[in-house]
Amino acid sequence: MTKMIKVLKGTKDILPQEVEQWHKLEKNALEIFTRYGYKEIRTPIFEVTELFARGVGDTTDIVNKEMYTFEKSGRSITLRPENTAGVVRSFIENGMARLSAPVKLWYKGPMFRYERPQAGRQRQFHQVGVEMFGIKEPAADAEVILLAVDYLKSLGLNDLEVEINSLGCPKCREEYKKRIKEVLKPELENLCEDCQNRYEKNPLRLLDCKVDSCKEIFAKPEIQKVIQSDFICEECAQHYKELKSYLDKLKIKYIENKLLVRGLDYYNRTVFEIKSNNLGSQNAVCGGGRYDSLVKNLGGEDTPAVGWAMGMERLNSLLPEIEPQKLDGYIVSNSPADAFELAEELRAKGLNIEFDLANKKFTKQLEKASKTARFALILGEDEIKANKVSVKNLETSEQVTIDRNDVTDKIKG
RNA sequence: GCGUCUGUCGUCAAGCGGUUAAGACCUCGGAUUGUGGUUCCGAUAUGCAUGGGUUCGAAUCCCAUCAGACGCCCCA
């Protein structure tokens with residue numbers, strides 16, 4: 001046998017038996033997001049590499065080691081590892097800053113990250129996400145979180161945990177980083193290798209290290225004091241406070257998590273995640289936050305923005321399996337020409353109809369009908385002559401011979 | 001990039017150095033040339049991820065490669 005070709009590591013076929021669930025995710029997204037005034041946008045799945053380097057941030061893992069990048073005609077091109085940068089690019093390029101604020105956009109589609117696959121993580125995966133531009137007030141943050149919760153509810157996912165935090169603005173965050181580095185400096189060589197890296201790259205990150213020896217160090221009172229301190233400036237604190245009061249009013253339960261730091265450089269002030277306990281170690285279904293300086297960084301007018309993305313595969317694994325739909329009718333006939341005709345007639349009326357293209361024996365056809373359809377539509381010589389059809393309900397075994405024109409009504413009940 | 005575990009039919013698997021490589025499901029055919037979903041019979045891996053090695057003998061032991069699962073890092 002010639003060698004079989006297999007899917008690439010970390011990629012997957014979405015097979016017919018699971019596609020119903022994907023339809024549900026997409027249908028609900030369109031429906032719910034539309035209610036909140038969002039319009040769908042579809043951006044290319046590849047962009048100039050620089051977009052991600054500048055947008056996502058060139059200190060991030062995503063940009064440093066996870067991008068699918070290739071050269072074409074002397075240009076460096078990258079498969080999108082996330083879609084916020086692309087949407088922002090489009091926002092700027094199409095002059096959307098001139099539209100009346102807020103500009104609300106949503107998207108869905110495949111993303112690509114060269115990572116080691118594991119539960120809830122693939123190299124090609126899908127995200128749905130929303131981005132709102134032009135509103136700096138915390139009400140925007142609140143609405144975006146409410147939308148996420150609403151969408152999850154529409155999928156039957158009611159008891160997920162919402163975690164929030166405020167990163168402050170670049171100014172107050174720098175201060176905080178400095179203080180963390182200061183207090184940890186004496187312990188630096190006792191920290192694990194990862195933490196030593198993070199010490200320089202992203203000091204906020206090292207606070208939730210899972211290594212026991214690091215945990216012990218962080219538990220020291222003088223260090224805890226710095227971690228727990230309210231470092232954010234007055235304005236940022238006010239923003240955060242207002243957000244929380246909105247969430248309270250909206251009865252959205254949330255957990256404040258000081259250690260919640262997102263790994264993308266563009267976030268400021270509000271960050272949040274929505275987690276599930278049923279997902280294994282990659283337990284976040286939704287992640288997002290505010291990114292007020294991204295539009296400007298990518299060459300647009302200074303425009304505040306908030307948004308989030310959800311991993312569709314992760315959502316999917318939380319959804320119950322959907323029973324496959326049965327056909328409305330399966331035509332049992334040894335005259336393919338007549339079966340064709342009847343099938344077309346009924347399909348035109350919106351019914352799902354099939355018949356045996358291989359023209360097998362009568363009993364085989366009935367067997368197939370009973371496995372795949374609600375009704376068997378028997379079209380034998382007698383019926384054809386009389387312009388009738390015998391309609392058999394395959395659940396109750398009840399069978400009647402009726403006029404062709406009455407078949408639709410009989411099936412639709 | 002690192003760590004742990006795992007690769008036997010389309011699927012789920014038994015087998016643990018000498019078997020004709022169980023069994024079940026699915027699929028296909030027959031009992032049954034106009035009445036199914038139940039039942040009964042039958043078919044379906046010269047092959048055990050791939051390549052080497054050890055051995056009289058390997059699906060079973062060893063090595064390498066590849067693939068998968070899970071975890072770390074990071075993220076949705």
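Just so you know, these numbers come straight off a predicted model, no measurement behind them. Convention: sequence-line order gives letters A, B, ...; per-chain numbering from 1.
The nucleotide B/U6 finds its pairing partner in B/A67, both defining distances of the Watson-Crick or G-U wobble pair being shorter than 3.5 Å. Of all nucleotides present, only B/C72 satisfies the Watson-Crick or G-U wobble test against B/G1, with each distance under 3.5 Å. Remark: B/C16 base-pairs with no nucleotide; criterion is Watson-Crick or G-U wobble with both hydrogen-bond distances under 3.5 Å. Pair assignment for B/C61: B/G53, on the basis of Watson-Crick or G-U wobble contacts that are both within less than 3.5 Å. In a base pair of the Watson-Crick type (N1 to N3 plus N6-O4 or O6-N4) or a G-U wobble (N1-O2 and O6-N3), with each distance short of 3.5 Å, B/G47 is matched with no nucleotide. The pairing partner recorded for B/G42 is B/C28, the criterion being a Watson-Crick or G-U wobble arrangement whose two distances lie under 3.5 angstrom.
Counting to the nearest Å, the P atom of B/C74 and the NZ atom of A/Lys65 are 8 Å from each other. Summarising the geometry, the separation between CD on A/Gln17 and P on B/C26 is reported as 16 Å, rounded to the nearest angstrom. Rounded to whole Å, the distance from CG on A/Leu260 to C1' on B/A76 is 13 Å. The distance from atom CG of A/Asn64 to atom P of B/G1 is 15 Å, rounded to the nearest whole Å. Between the CG atom of A/Leu279 and the P atom of B/G71 there is a distance of 10 Å, rounded to whole Å. Spacing between atom CZ of A/Phe52 and atom P of B/C74 amounts to 22 Å, rounded to whole angstrom units. Put simply, CG on A/Asn283 is 10 Å from P on B/G71, counting in whole angstrom units. As a whole-Å value, the separation of A/Glu82 CD from B/A76 P is 8 Å.
At most 12 non-hydrogen atoms from other residues, nucleotides or ligands lie less than 6.0 angstrom from CD of A/Glu321. In this structure, A/Phe46 places its CZ atom where only 12 or fewer heavy-atom neighbours from other residues, nucleotides or ligands lie under 6.0 Å away. Counting heavy-atom neighbours within 6.0 Å of A/Gln17 CD, excluding the residue itself, gives a total above 12.
Sorted by first then second residue, the salt bridge (Lys or Arg N to Asp or Glu O under 4.0 Å) pairs that include residues 14-33 of chain A, not counting sequence neighbours, are A/Glu31-A/Arg35. Within the structure, no pair that satisfies the salt bridge (Lys or Arg N to Asp or Glu O under 4.0 Å) test touches residues 128-140 of chain A, not counting sequence neighbours. Applying the salt bridge (Lys or Arg N to Asp or Glu O under 4.0 Å) definition to pairs two or more places apart or across chains, those involving residues 148-168 of chain A are A/Glu163-A/Lys275.
A distance of about 31 Å separates the C1' atoms of B/G68 and B/G57, rounded to the whole Å. On the C1' atoms, B/A31 is 27 Å away from B/A22, given to the nearest whole Å. Of the P atoms belonging to B/G53 and B/A76, the separation is 49 Å, rounded to the nearest Å. With C1' as the reference atom, B/C63 and B/C73 are 30 Å apart, rounded to whole Å. B/G15 and B/G7 are spaced 12 Å apart, taking the P atom of each and rounding to whole Å. Atom P of B/C12 sits at a distance of 15 Å from the matching atom of B/C70, rounded to the whole Å.
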- Message: At under 4.0 Å between heavy atoms, how does the protein contact nucleotides 31-40 of chain B? Give one character per nucleotide, 5' to 3', with B, S or -.
- Response: S--BBBB---
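Applying the ring-ring contact (aromatic ring centres under 6.0 Å, His included) rule to A/His239 yields no partners; only residues at least two apart in sequence or on another chain are considered. Annotation: side-chain hydrogen bond (donor to acceptor under 3.5 Å, both in side chains) contacts of A/Ser397 (sequence neighbours excluded): none. Considering only residues two or more places apart in sequence or on other chains, A/Arg89 meets the side-chain contact (heavy atoms from CB on, under 4.5 Å) condition with A/Pro44, A/Glu47, A/Leu51, A/Glu93.
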- Task: Tell me, with the steps shown, if A/Phe375 and A/Tyr330 meet ring pair (Phe, Tyr, Trp, His ring centres under 6.0 Å).
- Result: CA-CA 6 Å; A/Phe375 289 91; A/Tyr330 191 92; over 10 Å; no
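For A/Pro117, the listed nucleotide lying nearest its side chain is B/A69; candidates were B/C73, B/A69, B/G29. The nucleotide whose nearest atom lies closest to any side-chain atom of A/Ser281 is, among B/G29, B/A67, B/G71, B/G71.
Map A/Leu8 and A/Val285 each onto its nearest nucleotide of RNA chain B; the residue landing nearer the 5' end is A/Leu8. Take the nearest nucleotide of RNA chain B for A/Arg116 and for A/Gly288: the residue whose nucleotide is more 5' is A/Arg116.
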Strictly under 3.5 Å: I want the nitrogen or oxygen pairs between protein and nucleotides 5-10 of chain B, one per line.
none

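Residue A/Arg121 places a side-chain atom within donor-acceptor reach of the base of B/C74, judged by atom type and a 3.5 Å distance cut-off alone. Between the side chain of A/Gln282 and the base of B/C74, at least one donor-acceptor pair of N or O atoms lies under 3.5 Å.
Side-chain nitrogen and oxygen atoms of A/Gln118 include at least one within less than 4.0 Å of the OP1 or OP2 phosphate oxygen of B/G71.
The stretch residues 311-323 of chain A comes close to RNA chain B through A/Gly311, A/Arg314, each having a heavy atom under 4.0 Å from the strand.
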Which side-chain N or O atoms in residues 305-313 of chain A pair as donor and acceptor under 3.5 Å with protein atoms at least two apart or in another chain?
residue, atom, partner, partner atom, Å
A/Trp308, NE1, A/Val144, O, 2.8
A/Glu313, OE1, A/His126, N, 2.9
A/Glu313, OE2, A/His126, N, 3.4

Check: residues 164-179 of chain A side-chain donor-acceptor pairs under 3.5 Å, at least two apart:
residue, atom, partner, partner atom, Å
A/Asn165, ND2, A/Asn257, O, 3.4
A/Asn165, ND2, A/Lys258, O, 3.3
A/Asn165, ND2, A/Leu260, O, 3.0
A/Ser166, OG, A/Gly168, N, 3.3
A/Arg173, NH1, A/Tyr267, O, 3.2
A/Arg173, NH2, A/Tyr267, O, 3.4
A/Tyr176, OH, A/Ile227, O, 2.9
A/Arg179, NH2, A/Ser229, OG, 2.9

Contacts table for residues 52-61 of chain A: side-chain donor-acceptor under 3.5 angstrom, sequence neighbours left out:
residue, atom, partner, partner atom, Å
A/Arg54, NH1, A/Glu50, OE2, 2.9
A/Arg54, NH2, A/Asn297, O, 3.1
A/Thr59, OG1, A/Asp265, OD1, 3.4
A/Thr59, OG1, A/Asp265, OD2, 3.0
A/Thr60, OG1, A/Gly57, O, 2.7
A/Thr60, OG1, A/Val63, N, 3.3
A/Asp61, OD1, A/Lys201, NZ, 3.4

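Within 4.0 Å (heavy atoms only), A/Gly129 reaches no atom of the nucleic acid at all. Among the heavy atoms of the strands lying under 4.0 Å from A/Ala309 are primed sugar atoms or P, OP1, OP2 only; no base atom is included. Residue contacts for A/Gln365: at a heavy-atom cut-off of 4.0 Å it reaches no nucleic acid atom on any strand shown. Contacts of A/Lys275 with the nucleic acid, taken as non-hydrogen atoms under 4.0 Å apart, are absent.
You'll find the ring centres of A/Phe272 and A/Tyr254 outside the 6.0 Å limit.
With its glycosidic angle more than 90° from 0, B/G51 adopts the anti conformation.
Judged by distance alone, with hydrogens and angles left aside, the side-chain atoms of A/Glu383 form a donor-acceptor pair with the main-chain N or O of A/Gly380 at under 3.5 Å.
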